[in-house]
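Every heavy atom of this structure was used, including side-chain atoms; hydrogens, water molecules and symmetry mates were not. Note that the coordinates shown come from a computational prediction; the quantities given were computed from them, not determined experimentally. Lettering of chains follows the sequences in order, A, B, ..., and the numbering in each one begins at 1.
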Amino acid sequence: MALYSEKVMDHFRNPRNVGVIENADGVGEVGNAKCGDIMKIYLKIENDTIVDVKFETFGCGSAIASSSMATELIKGKPVSEALALTNKAVVEALDGLPAHKLHCSVLAEEAIKAALKDYYDKNGIEYDHTLFPDCASCGHCCET
Amino acid sequence: MDCTNERRKIYLDNAATTKMSEAAIKAMLPYMDGIYGNPSSLHSVGQEANEALTSARERIAKILGCEPREITFTSGGSEADNQAIISAARLGEKKGKKHIISTAFEHHAVLHTLNKLEKEGFEITLLDVHENGLITAEQVRNAIREDTCLVTMMYANNEIGTVQPIAEIGAVCREKGVLFHTDAVQAVGHLHINVKEQNIDMLSLSAHKFHGPKGVGVLCARKGILLTNLIEGGAQERGKRAGTENIPAIMGMTAALEEACAKIDENAVRLTVLRDKLIVGLSQIPHSVLNGDYGHRLPSNVSFCFEGIEGESLLLLLDDKGICASSGSACTSGSLDPSHVLLAIGRVHDIAHGSLRLSLSEENTEEEIDYTIKAVKEVVAYLRGISPIWRDLVNGKKEFITK
């Protein structure tokens, strides 16, 4: 059996929503180069809806595929739905990831949350801080 | 050249394993049906197999420059490394010598065995391999102590291809009366080796690195060195390695080794041309760096780090283009850390993740090399284009590590 599902390979080979949004309403970057993966998400938000999303990823095949799928799952959705996106949903949409690659989906969820938090902060919107756990709660990243 | 369809593959992962040679396959077949006996059996069918085993031992000994009785057949390089190191350690501790010298970029078959011994109370010194991936005999001389029982150093590195001054190190060890083992898995069949002339006390080799079958190798140990059994249960291999000998594999290995060694010089000339072409081509990629010394490296090895990208995605996209390669990135190793070899030569995590190893064989062509250079350039450029790190580097938000 191949390392990755067909879905993962499709999103890796033909990633959706790759790129940058100039003057984005929210930008989130998670991960670090030492660990070998960084994801950056750019959001354009109008009327509480994600009207556009782009990503850039430095990382392995599953990291690129997870970013691509995560952007697809939130594009055109209300902010509240994007905020509720879980890594599990990303994994399911990709028809699964190998156990040692699950952290890539976690990174995708966190990147979106980080971009939404940036959007809230920039616009002075009140939010529940417990929805945005800090880095200490993530077991994935190695310490820098 | 279209390498995107399934039938056409450019195999550049010969340090991982090689395709079996026709000579090796042909040498194995008679020992699967006709001469299938157990060499320990007394009857004629068994004795026929025993004769084959004896001849294989003699032929391999001749090539390595040792005596047939100094050859022990094993399941491969890892077992040979384990047995060599454990044996030297057991001999050492009887004399109260519990210090071993090695390097930080050995194969895990060596490093993990040393870790085990360290837990038993042995002291391990890992010599600095420097940025060029080379150690000197002088370093070994300076590290040897009264209680040193073993020096173990790889002949040629599996990831970055650097070749150590083995004969000089052997001479120092002999002068100091310390056992010297070399993991020569990447070197045998590719470089001229003579254990006697090079003062090598123990040498490990693996057949599948020189177009022989997988699952078979040799520990060559100078007579007088008492080996410690890793596997108990029979009198095979002079009582030092139990288990019915894998005659077909041993015969395949012997044929492959003879063929490879007969062509060492011819292959080296051909491979060096292809290797250098690859090195020159890939060096044109900005912010890339060659890993390992250029002058002292295997004719088959090319190893680079490319800044701003990650190795696994590089390998997957190259595979889509029909190129089989390898990387020392964390994602391909299944751990959080990139290759210990790249870290040992001082590559920082950020660029060690973007490593690529291309290891050639005689079957590769110049056309394949041209195609590969083009493909790697394209894939690196594409991955950099979607990498946030690369954007930061280009925009000056981060500093480039490489030129």
Side-chain angles (χ1 to χ4, degrees), chain A residues 2-4 8-22 24 27-42 54-68 71 97-104 107 111 114-115 138-144, chain B residues 4 6 287 305-321 324 327-339 342-343 347-356 378-395 397-402:
Chain A
L3 173 63
Y4 293 128
V8 172
M9 287 309 291
D10 176 36
H11 276 262
F12 166 63
R13 289 186 179 115
N14 311 295
R16 280 63 145 179
N17 308 309
V18 174
V20 177
I21 298 175
E22 300 297 337
V27 179
E29 183 175 311
V30 294
N32 65 61
K34 193 175 178 240
C35 297
D37 34 31
I38 296 184
M39 280 181 202
K40 194 166 186 179
I41 298 270
Y42 303 81
K54 295 271 187 226
F55 82 89
E56 289 180 308
T57 291
F58 159 86
C60 56
S62 59
I64 291 171
S66 295
S67 331
S68 167
T71 57
L97 281 177
H100 67 286
K101 299 286 189 182
L102 287 174
H103 72 262
C104 293
L107 218 52
C138 161
H140 157 60
C141 280
C142 21
E143 300 298 321
T144 38
Chain B
T4 48
E6 279 301 307
H287 304 287
C305 282
F306 303 109
E307 204 165 349
I309 63 163
E310 195 281 327
E312 192 215 70
S313 41
L314 175 60
L315 292 191
L316 290 171
L317 291 176
L318 287 177
D319 191 36
D320 278 352
K321 290 175 180 286
C324 304
S327 168
S329 87
C331 281
T332 54
S333 72
S335 79
L336 279 179
D337 280 322
S339 137
L342 297 174
L343 296 179
R347 298 283 179 256
V348 295
H349 279 65
D350 306 46
I351 68 165
H353 286 298
S355 72
L356 177 69
E378 282 168 13
V379 173
V380 170
Y382 166 73
L383 288 172
R384 281 177 171 172
I386 67 170
S387 163
I389 297 186
W390 185 252
R391 176 175 301 281
D392 287 349
L393 290 167
V394 171
N395 291 342
K397 283 189 194 163
K398 275 189 191 136
E399 290 217 10
F400 281 109
I401 296 163
T402 57

Legend entry - Segment of A/S62 engaging chain B (4.5 angstrom heavy-atom cut-off): backbone
Inset, instruction - Please name all residues satisfying side-chain contact (heavy atoms from CB on, under 4.5 Å) with A/V20, sequence neighbours left out, ordered by chain then number. - result: A/E22, A/Y42, A/E56, B/R391
Legend entry - Separation between CG of B/D320 and CZ of A/F12, rounded to the nearest 0.5 Å: 7.0 Å
Inset, instruction - Find the distance between CG (B/L317) and CD1 (A/I64) and round it off to the nearest 0.5 Å. - result: 7.0 Å
Inset, instruction - Might you point out which heavy atoms bring A/G59 and B/S313 nearest each other, and give the distance in Å? - result: O-OG, 2.9 Å
Legend entry - B/E312 side, atom CD; A/L3 side, atom CG - distance, nearest 0.5 Å: 6.0 Å
Legend entry - Considering all heavy atoms, the nearest A/F58-B/G308 contact: CD1-O, 3.2 Å
Inset, instruction - Drop me the distance from B/L316's CG to A/M9's CE, to the nearest 0.5 angstrom. - result: 5.0 Å
Legend entry - From B/I386 atom CD1 to A/F55 atom CZ, the distance as rounded to the nearest 0.5 Å: 5.5 Å
Inset, instruction - Sequence neighbours left out, what passes side-chain hydrogen bond (donor to acceptor under 3.5 Å, both in side chains) with B/S355? Give chain and number order. - result: B/S327
